[in-house]
Amino acid sequence: MDKYSLRCPICGKVYGKYNMTCPADGALLRTEYSDRQLKTLDLPGIWKYYNWLPVNGTILEGSGRTVTYRSEELARELGLEKLYISFNGYWPEKEAFIRTCSFKDLESYPTMQRLKEQHSDATMVVASAGNTARAFAHVASLTDTPLLLVVPESAKERLWIPAESTESISVAAVDGDYYDAIEISSQITEKDGFVAEGGAKNVARRDGMGTVLLDATLTMKHLPDHYFQAVGSGTGGIAVWEAAMRLIGDGRFGDRLPKLHLAQNIPCAPLLNLHDGTPIDITCPDQMWDDVLFNRKPPYTVGGGVKDALDDTNGELYGISNAEAEEAKKLFEELEGIDVLNASSVAVAALIKAVHVGKINPDELVMLNITGGGVKRAMEELPITSLDIDITVSPDKNDSVQKILDVTSEKIL
Ligand SMILES: *Cc1c(COP(=O)(O)O)cnc(C)c1O
């Protein structure tokens, strides 16, 4: 029996291993594993959850995984009896070794492995505002796989990796925002020899992110009642919803889906705009607390997407201001003793809000996804290499794509 198959959640048809969306209704395909019960393996990093990852092989070097622990200080501050923090980042005392310091490493490892199985010599193209770029660059560096990063200019400072070689990586900066970077990269992936990582449509990304819930559930020995996460595309929310269905199918961890509490940074919150039917502020993403949370075209209405995840879990979306996020960040760092990425503090602020308005009972099981943190420690302790930009292009020039292709073929092909 195959390890897994991909099924359309809307029409129920089963497709080939590498399909992305259902040709009939456009829905995100979902993985069904032949192992209905979660069996963990004694392997490094994310590969502990190998049996529920859509790959047939592993990239062991440099892989980290989520660490979930029971909060004392923040829990006391908020009056919660059972608050669990799922930390994704670098925090050696807690045995947290995600060296790029965000949960994007949970996506990049299985996605790269899957790419190798599918197109062994293609150059992967990744458009990113920073954390995704870092995660893919990290695994590309360790495996010497060709990678083209297309990033908005503003992402420059976030372009470092906890590894030495940058030989297989080409970096193109677009003088625009994340959306401009996505546009350019989608033109590149139409060319021979280049392949898109697929974003939310790629089950390797979603099931990779879903391991956050696997880790938390094994630690808590039960599915949480509430799940808090800061979202840009909302892919993490979809992933956790899907992983929760699998864990219910497992039979050992309860039979209720966790309620998703997904938080965006206002006013640049396209998921909230889609939810409320309001237009996106045209000044976005300027002045954002963390622009990794800005995605102009999140997978909201697509079958099996964010809307379905929220509807099915009775979930909620939060709009968090910069001031609320800043205050939450201070509180978290002071109480829990680790630095967190700005994006993560948007989730902390949503948790604070939910508690204050009485949405959580003190004895409920609450899971807070700290999607990134520990950069300070990583910078001190790990071999850090910055990624240089090989070319900067304008988003609206006809020859931008060709220029990137030229520079890339010279550098890495
Ligand atoms: C990407 C990212 C998010 C948002 O992830 P989604 O894809 O929207 O689930 C949150 N926090 C950090 C640190 C990120 O890098």
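Only a predicted model underlies this, so the values are computations on that prediction, with no experimental measurement involved. In listed order, ligands and their atoms are each counted from 1.
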| query | Is NZ or CZ of R377 both nearer than 6.0 Å to the six-membered ring centre of W91 and within 45° of the ring axis? | reply | no
| Less than 4.0 Å between a side-chain N and a carboxylate O, is that true for K39 and D35? | yes
| Proximity winner for atom 14 (C) of ligand 1, if only heavy atoms of R134, K104, E107, Q264 are counted | K104
| task | Using side-chain contact (heavy atoms from CB on, under 4.5 Å) as the criterion, point out the one residue from L368, L78, L331 that pairs with V348. | result | L368
| remark: Counting heavy atoms under 4.0 Å, the part of V231 that contacts ligand 1 is both
| message | Within the 4.0 Å heavy-atom shell around A230, which atoms of ligand 1 are there? | response | 3 (C), 4 (C), 10 (C)
| query | Under 4.0 Å from any heavy atom of M209, which atoms of ligand 1 are there? | reply | 7 (O), 9 (O)
| Taking N or O atoms only and a 3.5 Å limit, does G236 qualify as a polar contact for ligand 1? | yes
| message | Would G232 count as being in polar contact with ligand 1, using the rule that some N or O on each side must be under 3.5 angstrom apart? | response | yes
| said: Can you tell me how the ring of Y4 sits relative to the ring of Y33, calling it parallel under 30°, perpendicular over 60° and tilted otherwise? | reply: tilted
| field | Under 4.0 Å to a heavy atom of G234 - the qualifying atoms of ligand 1, by number | value | 6 (P), 8 (O), 9 (O)
| message | Please list, in number order, the atoms of ligand 1 under 4.0 Å from a heavy atom of A343. | response | 11 (N), 12 (C), 13 (C)
| task | Return the residue, atom name and 0.1 Å-rounded distance of the protein heavy atom closest to atom 11 (N) of ligand 1. | result | T371 OG1, 2.7 Å
| Do H261 and F228 have ring centres separated by under 6.0 Å? | yes
| task | Flag S233 as yes when one of its N or O atoms lies below 3.5 Å from any N or O atom of ligand 1, and as no otherwise. | result | yes
| query | Regarding R206 and the six-membered ring of W52, is the cationic atom NZ or CZ under 6.0 Å from the ring centre and inside 45° of its axis? | reply | no
| Lys/Arg-Asp/Glu bridge criterion (N-O < 4.0 Å) met for E73, R76 | yes
| said: Distance to the ring centre below 6.0 angstrom and angle to the axis at most 45 degrees; does that hold for K3 and Y50? | reply: yes
| field | Sub-4.0 Å heavy-atom contact, L293 with ligand 1 | value | yes
